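Heads up, the thing below is written out as structure tokens.
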Amino acid sequence: MVCCPHCGHTSIDVGRSRLARLIAPLVHGAKRVGRRADGVTLADIEPGRSVVVEGFCAGISEARRRQLEAYAMGAGRPVTVLQQAPVTVIRIDRTEIALESDLAAAVLVRS
Amino acid sequence: MHQAAAGGGFPFRAIIALVGQPNVGKSLIFRALTGRHVMVANYPGTTVEVSRGAARFRPGVEVLDTPGVVSLPANSEGEEVTSRLLLEGVLETLVHVGDAKNLRRSLLLTIQLAELGVPMVLALNMMDEARHHGLSIDERLLAERIGMAVVPTTATLGEGIANLISEVEEAQRPHLRLTYPSEIEATLAELATRLTGLGAEPRALALLWLSGDPVVAEWLGDRLADADLAWIEERRHVLQLAFTEPLPSMLHAARLAFVDDLAAAVTAEPTTGPRSWRTRLGRATSHPVWGLPILALVLYAMYWFVGRFGAGTLVDRIETNLFGNVINPWVTDVVTRLSPFELVTDALVGEYGLWTMGMTYAFALILPIVATFFLAFGALEDSGYFPRLTVLTNRVFRSMGLNGQAVVPMVLGLGCVTMATLTTRILETKRERMLVIFLLALAVPCSAQLGVVMGLLAALSLTATVIWAGAVLSVLLIVGWLAARLMPGERSPLLVELPPLRRPMLSNVLLKTVARVEWYLKEVVPIFLAGTAVLFVLDRLELLPRLIDAAEPLVVGWLGLPAAAATAFLMGFLRRDFGAAGLFALAAAGILSAAQLVVAMVTITLFVPCIASVFMIAKERSWAVAGAVTAVIFPMAFLIGGVLSRGLSLVGWGA
């Protein structure tokens, strides 16, 4: 509980609740804290935000890269993140795609 | 046109080929174009199936439905087959079936296909969904820019099909020429000079070669002299040095730029999509929190439909009323009268009779259960729910070295493990398929057995069912984890499209169910009957008691069961539910204690499901693999049974 010293108004401090912090990722979708050295990736984006793809990290496999490209993902394309848990779900054009967070972390984006 | 190299020859005289990404409605278009005589066959040397049918609108013309391609160059077995068909086929016309509401994605493939130089038509399918999203497409402008006829269609409603047919009949070579960066164009021109006279468009071959397509590489390897091969190798290498990005990405970027431009020019779209209840439901099904209660609901619905209705009501009606009271007495009567020898009578309608045991079991007990399962499964499949289930279950499968896509064969295994083994083809790598086939054979109880096991254990107590379920599930997870460690190879991370949820189409579901039931009857029942015959012979030759004696140390000593249970296990070798039913009889007679029953059930569940599934493993992989799987599974089942038996007696439960 947080208490205002002046008026005595009290409210719940969600940040203090260990239980709330535990289930928050489930409810909101997991947020990766911190940025990778090479830049912001799809795995770092909150659900509901739209970003633009910049490119792919070197770590991505050739096959997966081709598959993502076939969905019209490429530099300059807008992508909306729908979920981050249990896996990353994004929307490109009108296609929804689910991919593991490790894969999502190989896609570089900018806001 | 070109004929394939010696050693097989190209088997299909395909004339019109349908190509497209998965989930675009290609098979509906295929059905709309073909008549009743459709043949499904394996592309030689693969497990990929290709459908051919006679065109409804012109005699003597064949339509070929290719496996879905996400992109070329080929990444999976299905894509390789399509690639090969396009290269080697006697193609008159190519029909690209695209998704109208995902124009960019579809056009990316259209361009690649157009480069092949075959007369082509683009069918933009699912126009109804595009309209629902508020999209409007200027097909005339689009047709002009890509140099081929564009036909909007909605295959589910039959719209645009007549138009499509008339355009297909008059299809022309597309005049579309995408210009790539100048260095690439230069190399393309050079390569094209060496790649002429091979029976395919030189520029297309050159483009596929530059993108590293394995099918084309092999194809060229068969047809070019070594010197030429080395030369085109070198040209590609030199070209790559001029860029920092890999060549395939350069090509892709050029195509994407063109497609972006084009899509912007021909579509007028609203800025926001519709927030229908369907999108929201779709969201919820893969949501980490809401997805689970929805899944529980779906599972309960399935349990009710297959377990209560199928295994309960239907089986009752058919087994007791139809077979028990009407058919079997009549057959027994007829056979006894007509049969010349008592041996024959016994073989057909005796205790281990082909009819009284084999056929009755197949049709009265198993068929209703399996049919209801396939019906429920088909409805779920058609609604598009399974990809969302892949999302929810991905983490569980991760620990087993798989990804969420394994959930589909596993769920189907709850219906029929033999069929599920076949379905492992949808998995991408051989490693994944092997792992899932093994787990299916070990720890997934098929619906026939589930029915018997649940009925038996539920009658006993809830705890017994929980112990059984817990034991089997633990085995699945632990063995899965172990097997993943032991099997060499990388895990493939999940990447799957989530098509929109939709109301399952009854006609689709019915057709699929009928096809699956027919398959089941043709593939499984004969082996089933063979199993019955084996039991009959064993009984006749009075070998059964001897085999029971031989099994005694294992069944009595290790598993702690009475000697009579050995017969049930013997039957369990041939078919798990035979065994379960045998145990049922023992339990009803009060010979088995609760703990013994649970131990016996767990052991039998862990057996290889049935001879039919072993045959299927042999067909899908090889007899060596089938043998290895069987050799590992039976000892494992007994081992775990014995451990459970000791565990339960230690805890003092159910004595």
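The shown structure was predicted, so the numbers you read here are calculated from the model rather than taken from an experiment. A note on names: the letters A, B, ... follow the listed sequences, proteins ahead of strands, and every chain is numbered from 1. Computed from heavy atoms alone, side chains included, the values below leave out hydrogens, waters and symmetry copies.
Smallest separation of non-hydrogen atoms from A/Leu103 and B/Pro493: CG-CG, 4.0 Å. Annotation for B/Ser286 and A/Pro86: closest pair O-CD, 3.7 Å, computed over non-hydrogen atoms.
Ion pairing between B/Arg105 and A/Glu69 fails under the 4.0 Å rule for side-chain N and carboxylate O. Salt bridge absent: B/Glu79 and A/Arg66 never bring a charged side-chain N and a carboxylate O closer than 4.0 Å. Looking at A/Asp102 and B/Arg491, no side-chain N of the basic residue comes within less than 4.0 Å of a carboxylate O on the acidic one, giving no salt bridge. Classification of B/Glu245 and A/Arg65 as a salt-bridged pair holds, one side-chain N sitting under 4.0 Å from a carboxylate O. Checked for salt-bridge contact, B/Arg398 and A/Glu100 meet the test: a charged N lies under 4.0 Å from a carboxylate O.
For B/Arg395, the part sitting under 4.5 Å from any heavy atom of chain A is the side chain, from C-beta outward, and nothing else. Of the atoms belonging to B/Ser492, heavy atoms from both backbone and side chain fall under 4.5 Å from chain A. Interface remark: B/Leu494 contributes backbone and side-chain atoms alike to the contact with chain A (heavy atom separation under 4.5 Å). Heavy atoms of B/Glu490 lying under 4.5 Å from chain A are absent altogether. Contacts between B/Glu129 and chain A at a heavy-atom distance below 4.5 Å are absent for every atom of the residue. Looking at B/Pro387, there are no atoms closer than 4.5 Å to chain A (heavy atoms on both sides), in backbone or side chain.
Between A/Ile97 and B/Val496 the shortest side-chain heavy-atom distance does not fall below 4.5 Å. Within the 4.5 Å cutoff, the side chain of A/Glu96 has heavy atoms near those of the B/Arg283 side chain.
Annotation: maximal heavy-atom pairing with chain A below 4.5 Å, among B/Thr390, B/Leu392, B/Leu108, B/Leu498, occurs at B/Leu498. Counting heavy-atom pairs closer than 4.5 Å to chain A, the top residue among B/Asp99, B/Leu107, B/Asn102, B/Val391 is B/Asn102. The choice from B/Glu428, B/Gln21, B/Arg388, B/Lys101 that makes the most heavy-atom pairs within less than 4.5 Å of chain A is B/Glu428. Between chain A and the options B/Ala263, B/Ala253, B/Ser249, heavy-atom pairs under 4.5 Å are most frequent for B/Ser249. Most heavy-atom pairs under 4.5 Å with chain B: of the set A/Leu99, A/Thr95, A/Leu68, A/Val89, this distinction falls to A/Thr95.
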**Report entry** Verdict with supporting geometry, B/Asp260 and A/Arg77, salt bridge (charged side-chain N to carboxylate O under 4.0 Å, His left out)
**Finding:** CA-CA 9 Å; B/Asp260 257 342; A/Arg77 304 287 318 134; 2.8 Å; yes
